[in-house]
Engineer: 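Following this message is one structure expressed as structure tokens.
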Amino acid sequence: MSQNLEKTYNPKEIEGKLYEKWCENKFFHAEVDRSRKPFTIVMPPPNITGKLHMGHALDNTLQDILIRYKRMQGYNALWVPGTDHAAISTEVKVTNQLKDEGIDKKELGREKFLERTWQWKEEYGGTITEQLKKLGTSCDWDRERFTMDEGCSRAVEEVFIKLYEEGYIYRGSRIINWCPVCKTSLSDAEVEHEEQDGFFWHIKYPIVGTDDFLEIATTRPETMLGDTAIAVHPDDERYKDIVGKTCLLPLTDREIPIVADYYVDKEFGTGAVKITPAHDPNDFEVGKRHNLPEINVMNDDATINEQYGGKYAGMDRYEARKAMVADLEEQGYLVKVVPHSHNVGTHDRCHTTVEPMVKQQWFVKMEELAKPAIEAIKTGELKFVPERFDKIYLHWLENIRDWCISRQIWWGHRIPAYYCDECGEIVVGREMPEKCPKCGCTHFTQDEDTLDTWFSSALWPFSTLGWPDQTEELDYFYPTDVLVTGYDIIFFWVIRMVFSGYAHTGKSPFNTVFIHGLVRDSLGRKMSKSLGNGIDPLEIIDQYGADALRMTLITGNAPGNDMRFYNERVEASRNFANKVWNASRFILMNMEGKEIVEPVYDELSPADKWILSKCNKLVKDVTENMDKFELGIALSKIYDFMWDEFCDWYIELSKYSIYHADEDAKSAAHTLWTLKEVLKNSLKLLHPYMPFVTEEIYSKLVPEEESLMMSQWPAYDEKWNFEQAENTVEHLKEIIRGVRNVRAEMNVPNSRKAKVFVVCEDDALAAGMECLKNSAVMMAAASDFIIQKDKTGIADDAVSVVVPDATVYVPLEELIDFEQEIERLTKEEARLQKEIARATGMLNNEKFVSKAPEAKVQEEREKLETYKQMMEQVTERLNGLKTKMS
């Protein structure tokens with residue numbers, strides 16, 4: 001009935017073949033089915049500029065584990081894949097490609113540039129999706145989406161128009177983050193803040209009409225050309241008399257007012273600050289309160305402009321800084337220069353230092369839109385795993401500023417706003433208007449800007465399911481269930497999806513956000529091009545297989561925490577796959593040609609019952625862990641069970657009955673059924689983590705089933721609970737370990753067999769071990785395994801092994817070194833003395849007894865009793881040996 005496995009496990013031979021089979025059979029595809037409960041995940045869309053890196057590998061492995069688990073539980077599981085147009089990144093890639101060909105982007109023109117970008121997308125945009133397939137991702141490729149496909153683009157347009165009509169989107173001059181290299185605005189979320197060493201330049205600002213001056217400290221002297229005031233605190237006694245006067249702005253012939261504003265911290269520095277509304281977000285707000293002019297002194301490339309630059313016009317901002325500081329010193333305005341470490345904003349894409357500037361841009365008003373997203377966390381409608389990320393999410397939302405959504409690039413969703421060529425009236429609409437509603441002009445020009453990439457990906461959970469149309473898919477699969485993402489993307493994406501979900505569908509787009517950490521190198525460093533420490537997941541897959549990579553990424557992984565990636569761990573994961581393969585091969589070989597039928601459970605041996613009982617508890621534990629998103633803990637339990645309990649113990653215990661099937665066919669049949677059942681359930685539990693090796697084995701073990709990935713997740717079954725059998729086998733394991741340790745300590749070769757006596761007064765335990773006598777003989781390298789109630793017939797010089805509820809004796813008279821045995825027992829005596837002292841100390845400690853849980857106290861009492869019994873046996877044995885030698 002069964003087919004056997006190849007001698008060695010070769011991932012390269014099976015992974016591609018199995019993935020094709022899954023795709024051909026549409027196992028990943030989900031259709032609306034009202035008779036089943038849906039479970040939906042949308043993939044965080046990787047950039048079309050990207051290729052698979054370890055962050056993608058971890059993120060998608062976690063999603064795949066969840067989706068495979070839920071699919072096996074009977075849910076109608078949908079995992080929507082797709083890619084992001086990655087506006088700035090893609091534009092940079094194509095611009096650089098054109099440069100290499102000697103073509104200037106501007107000379108090529110917008111339309112031709114976009115043609116080239118679409119060509120680039122067709123050529124390279126699918127790279128990462130093909131790489132994701134190698135990882136084993138079971139997403140519905142029939143539903144693959146792209147943020148600039150027709151449906152997503154229509155959703156973006158619909159949202160822009162809706163928010164504009166509702167008054168949430170507006171165009172205005174505000175301070176924004178400007179990237180001088182990419183020459184575009186950025187949202188706050190696209191700016192990374194990093195600690196940099198700099199300076200405070202202390203500068204004199206003479207007070208007009210007096211011989212006094214104000215001392216001002218700045219980290220950016222090049223912006224002083226845009227100063228339009230000096231501010232002091234209204235309650236600062238030092239400056240009350242000069243509020244309303246003016247200062248001479250050094251290096252210029254301008255005078256600027258001294259104003260009083262509560263923004264100023266009178267305890268910091270001199271208590272007087274320069275106000276540069278066009279180049280600082282806080283100064284911008286001060287400027288609005290005092291009707292100050294906004295003087296932008298920089299061009300888009302961060303050079304000083306002609307209008308306000310004077311002799312510094314045309315200089316780069318840092319070149320101008322040096323020149324201005326030199327002039328300030330020469331003219332006697334520079335007081336001192338003090339080293340200062342401060343946070344500097346950089347563009348997360350190109351890492352250029354961002355320049356705050358006042359510019360005309362499109363913004364989304366965030367205060368009202370953020371409220372439902374804040375409430376969602378408070379009501380529990382949305383939860384983070386782990387919970388600590390609630391605080392970061394709330395802090396960001398409660399302090400959110402208006403979102404700058406326009407970008408000065410060509411690749412992306414163009415803003416659907418049109419300007420009347422005659423009167424400048426703005427009309428927002430799906431198409432260019434035929435006639436200006438204000439002046440009647442028929443000529444319009446569309447806004448040149450495109451929308452922030454995150455504007456479209458904020459709609460991803462519902463735009464991918466057909467919104468704004470009320471599709472069946474949207475009604476059935478939305479809201480989605482889980483979003484899996486890294487903690488570094490909460491602000492960029494998660495928050496925007498949540499408020500967009502409420503704004504456009506009235507619901508949170510998902511109920512759980514499962515946060516994972518970063519994959520770091522073995523030294524704990526972030527993987528980066530500059531450090532050259534990146535590890536290519538595809539190379540790992542090529543060398544060890546996708547299953548080994550997946551297992552390595554999840555081993556020890558805890559929600560929200562970073563992990564370190566070691567090649568040694570990948571080897572350990574591959575070794576585990578080999579262990580499971582070889583154990584399965586042994587089982588299949590012995591099943592060959594035999595009919596496997598379910599036995600009467602009462603007739604099973606204690607070993608059979610023990611492994612069924614352990615497997616049953618494993619099913620319960622793993623299911624609970626996975627429901628709590630403790631995927632690393634669940635994997636650890638599966639690993640320990642399969643490697644230790646199943647392979648190292650049960651398969652070894654089973655060999656006697658398998659090899660002696662002629663003498664006891666019934667026992668052998670029971671053992672084979674148990675082996676098959678436990679392997680089946682173990683493969684099911686392991687499948688979400690290691691889909692390929694488990695599918696290949698399962699197809700041979702249960703060839704009548706369509707696929708492991710479409711099989712039913714195992715469920716806890718009360719009739720598989722065998723407490724007495726567990727007790728028996730756990731004792732037997734202790735005995736076998738003890739005998740093996742004694743033989744190892746005395747260097748007794750396995751070829752030298754010896755009788756093993758077990759003295760046990762517990763009738764049930766003795767009867768259970770009697771049933772496993774033949775297996776125990778094999779595993780303990782014994783000539784016989786004798787269970788009795790007392791020491792009758794056991795030589796005084798037999799080596800003893802003390803285990804709870806029993807004592808084991810091995811008569812090795814001709815091999816034993818009495819002095820060595822006394823030394824060993826003396827060490828055991830010392831160990832037991834320490835344990836007795838520790839347990840006694842705890843139980844004599846009033847604080848422990850009164851405050852510790854009753855179960856813990858009882859556990860310590862039982863341990864102490866066991867140690868005392870063991871000590872009696874050791875002391876008795878020691879005294880006997882010493883008497884014999886004297």
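Note that these values count all heavy atoms, side chains included, but never hydrogens, waters or copies made by symmetry.
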Engineer: Taking S138's backbone N and O only, do any of them form a donor-acceptor pair with R71's side chain (distance below 3.5 Å, no angle check)?
Structural biologist: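 Judged by distance alone, yes, a pair lies under 3.5 Å.
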Engineer: Any cation-pi pair here, R574 with W581, using under 6.0 Å and within 45°?
Structural biologist: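 Pair R574/W581 does not count as cation-pi.
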Engineer: Can you spot which of N557, T555, I554 makes a side-chain contact (heavy atoms from CB on, under 4.5 Å) with M563?
Structural biologist: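 Single side-chain contact (heavy atoms from CB on, under 4.5 Å) partner of M563 among N557, T555, I554: N557.
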Engineer: Measure centre to centre between the rings of Y69 and W713, then say whether the value is under 6.0 Å.
Structural biologist: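 Ring centroids of Y69 and W713 are less than 6.0 Å from each other.
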Engineer: Does any pair with a residue in residues 6-19 pass salt bridge (Lys or Arg N to Asp or Glu O under 4.0 Å), and if so which ones, sequence neighbours excluded?
Structural biologist: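 Counting only pairs at least two positions apart or across chains, the salt bridge (Lys or Arg N to Asp or Glu O under 4.0 Å) contacts touching residues 6-19 are K12-D542, K17-E696.
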Engineer: Quick one: does NZ or CZ of K579 land under 6.0 Å from the six-membered ring centre of Y9, within 45 degrees of the ring axis?
Structural biologist: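 Judged by the rule (NZ or CZ under 6.0 Å from the ring centre, within 45° of its axis), K579 is not positioned above Y9.
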Engineer: Is R143 salt-bridged to E473, going by a charged N under 4.0 Å from an acidic O?
Structural biologist: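 Looking at E473 together with R143, the answer is yes, because their closest N to O distance falls below 4.0 Å.
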Engineer: Can you tell me if CD on E387 sees more than 12 non-hydrogen neighbours from other groups inside 6.0 Å?
Structural biologist: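 Atom CD in E387 is not crowded, with 12 or fewer foreign heavy atoms closer than 6.0 Å.
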Engineer: Take D608 and Y601 through the test side-chain contact (heavy atoms from CB on, under 4.5 Å) and record every step on the way to the result.
Structural biologist: CA-CA 9 Å; D608 298 337; Y601 286 4; over 6 Å; no
Engineer: How are the rings of F641 and F646 set relative to one another: parallel (under 30°), tilted (30 to 60°) or perpendicular (over 60°)?
Structural biologist: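 Geometry flag for F646 against F641: parallel rings.
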Engineer: Taking only Lys NZ, Arg NE, NH1 and NH2, and the carboxylate oxygens of Asp or Glu, determine whether K21 and E24 approach each other closer than 4.0 Å.
Structural biologist: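 So K21 does not pair with E24 through a salt bridge.
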Engineer: When rounded to the nearest 0.5 angstrom, what is the spacing between CG in L685 and CG in L618?
Structural biologist: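 Here the interatomic distance stands at 5.0 Å.
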Engineer: Could you tell me whether K133 sits above the aromatic face of W22, with NZ or CZ closer than 6.0 angstrom to the six-membered ring centre and within 45 degrees of the axis?
Structural biologist: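 Not satisfied by the 6.0 Å and 45° rule.
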Engineer: Hey, what's the ring geometry for F576 with Y639, parallel, tilted or perpendicular (30° and 60° as the breaks)?
Structural biologist: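 Answer is tilted, since the angle falls between 30° and 60°.
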Engineer: Using a 6.0 Å distance limit plus a 45 degree cone around the ring axis, check whether K37 lies over the aromatic ring of Y75.
Structural biologist: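 No cation-pi geometry.
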Engineer: Identify the two heavy atoms, one from A607 and one from V729, that lie closest to each other, and give their separation to 0.1 Å.
Structural biologist: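 Heavy atoms only, the tightest pair is CA-CG2, 3.9 Å.
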